[in-house]
Protein chains: 2
Amino acid sequence: MPQRGRPRGFDREEALRRAMEVFWTQGYDNASLADLTRAMGINAPSLYATFGSKESLFQEAVALYVRTEGSGIWEQVETAPTARAAIEHVLNTTAEAFTRGPAPRGCMIVLAAPQMQGANPHICDALKAHRQANGCLLERRLKRAVEEGELPASTNCRAIANYYVTLQHGMSIQARDGASRETLLAIANCAMSGWNALTTQHG
Amino acid sequence: MPQRGRPRGFDREEALRRAMEVFWTQGYDNASLADLTRAMGINAPSLYATFGSKESLFQEAVALYVRTEGSGIWEQVETAPTARAAIEHVLNTTAEAFTRGPAPRGCMIVLAAPQMQGANPHICDALKAHRQANGCLLERRLKRAVEEGELPASTNCRAIANYYVTLQHGMSIQARDGASRETLLAIANCAMSGWNALTTQHG
DNA sequence: TCCTTTTTGTATCGATGACTACAAAATATC
DNA sequence: GATATTTTGTAGTCATCGATACAAAAAGGA
């Protein structure tokens, strides 16, 4: 017995995808209910009956973003043959993803609520947790590279992970400011050119 | 004949400084008139009589921020003996400024309106212009270093400038997420460790 | 003292924010 | 067809947004 009453007149996944694009472009606070319902093609009562609230809709949109847009950037960190290849892939894929078609420029996780305080601490905390998870992911990969002999034991894995994650966050600002794919790739290339110096000297 | 009527009951500079802190902490949209007037210790009519509007108050706050907080980071780019010293000073001073006392963490120019669209395009454009001015400043300094023989003629000055500015933007996100001064200094150190590789190979 | 000028506090404006009450509409079950 | 259940659109809730009208208060110039 899946559904009894009147069937829903719209596709939940499609509506969520539209909401994600609005949040991605405008941020959490700047995305009004009027903006959301217009983009989703539904009225406010349908939104609340389906997603609960603006905040929970945003959380679902974040989860969708991580699952679709973010996966291409981060999913191969574990499987890449070397830590160097993993990070190089992250940066190059970031440059590509941030300048892809009509999608908003830059990362939703970085740009959607950067004030880190205000009316919605849940929102800020969730985004911050996602950002820090990426740093931890890189750090773990670097530590594995040390264990596997790719990098020397003196490698400061946390510092290097923080460094590359910081650059990747900065690329969101550059992308939102209109940087081209070539510009972002050149930035990634600059960062990778220091790899040997970074992983051989001082801990 | 400086003043005729009832004298102003508050200090304009001090009130502007308070407003700057509110905008710096909360961003442009999230800073409500109630927040501003409470922090400035004045009522709304005094604010509008003195500063014109919320938008012009913000623009004055940005100018004050650049003049006070930002000057320590960027003012010595021209006067530093080498381009390397200039950039190293920018990054190290950034780490120090972003973790100084009770001030908000991270750069107001980066964090106050990152959505780059919405109700106030003037605000977004002004902040974007400030960000890009810093990139141009670094690029000019690097070109001068090429002319003076510090760097080879094959140096890709624009790419290197974009790279370091991007990292500096990312440090705002890290600072707002709670990164310590030591963490930010380690990030700056990682970026500088690639200097030789960055300035000797490929254009 | 009276008049002009400017600032002050109070109280409010219309617009918009997120959110919901309610009844008509549309389906499954009986 | 009758009833129960869920979704739909309309209209509206209260709170807050940025911005002001207005008159009392506080100063200088006559």
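Nearest heavy-atom pair across A:Phe23 and A:Ala61 is CD1-CB, 4.0 Å.
Put simply, CG on B:Asp29 is 12 Å from P on C:dA18, counting in whole angstrom units. Rounded to whole angstrom, the span from the CG atom of A:Leu47 across to the P atom of D:dT7 amounts to 13 Å. Note: CG (B:Leu33) to C1' (D:dA15) measures 16 Å, nearest angstrom. Regarding B:Glu55, its CD atom lies at a distance of 16 Å from the C1' atom of D:dC17, rounded to whole Å. Between the CZ atom of B:Phe58 and the C1' atom of D:dG18 there is a distance of 16 Å, given to the nearest Å. Going from atom NZ of B:Lys54 over to atom C1' of D:dT20 covers 17 Å, rounded to whole Å. Put simply, CZ on B:Phe51 is 16 Å from P on D:dG18, counting in whole angstrom units.
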> How does each nucleotide of nucleotides 6-16 of chain C score, in 5' to 3' order, for protein heavy atoms under 4.0 Å: base (B), sugar-phosphate only (S), or none (-)?
Replying inline: BBSBB------
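Remark: B:Ser71 engages B:Glu75 in a side-chain contact (heavy atoms from CB on, under 4.5 Å) (not counting sequence neighbours). With sequence neighbours left out, B:Thr50 forms a side chain to side chain donor-acceptor pair (under 3.5 Å) with no residue at all. Remark: A:Arg141 pairs with no residue by the salt bridge (Lys or Arg N to Asp or Glu O under 4.0 Å) rule, at least two apart or across chains.
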For residues 96-114 of chain A, please give each side-chain donor-acceptor pair under 3.5 Å, one per line with the distance, not counting sequence neighbours.
residue, atom, partner, partner atom, Å
A:Glu96, OE1, A:Arg100, NH2, 2.9
A:Glu96, OE2, A:Arg100, NE, 3.3
A:Thr99, OG1, A:Ala95, O, 2.8
A:Thr99, OG1, A:Glu96, O, 3.4
A:Thr99, OG1, A:Arg181, NE, 2.9

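Take the nearest nucleotide of DNA chain C for A:Gly52 and for A:Ala34: the residue whose nucleotide is more 5' is A:Ala34.
Between A:Tyr48 and the phosphate of C:dT20, there is no side-chain N or O to OP1/OP2 separation shorter than 4.0 Å.
Taking a 4.0 Å limit (strictly below) on heavy-atom distances, residues 11-21 of chain B does not reach DNA chain C anywhere.
The side-chain tip of A:Arg8 points at the ring of A:Phe10 from less than 6.0 angstrom away and within 45° of straight on. In this structure, B:Lys54 forms a cation-pi arrangement with B:Tyr28, its terminal cationic atom sitting closer than 6.0 Å to the ring centre and no more than 45° off the ring axis.
The neighbour count for B:Arg84 CZ, taken as heavy atoms of other residues, nucleotides or ligands under 6.0 Å away, is above 12.
Checking C:dC19, D:dA19, C:dG17 against every side-chain atom of B:Ser53, the shortest atom distance belongs to D:dA19.
In summary, the side chains of B:Asp35 and B:Ser32 do present a donor paired with an acceptor at a separation below 3.5 Å, with no hydrogens or angles considered.
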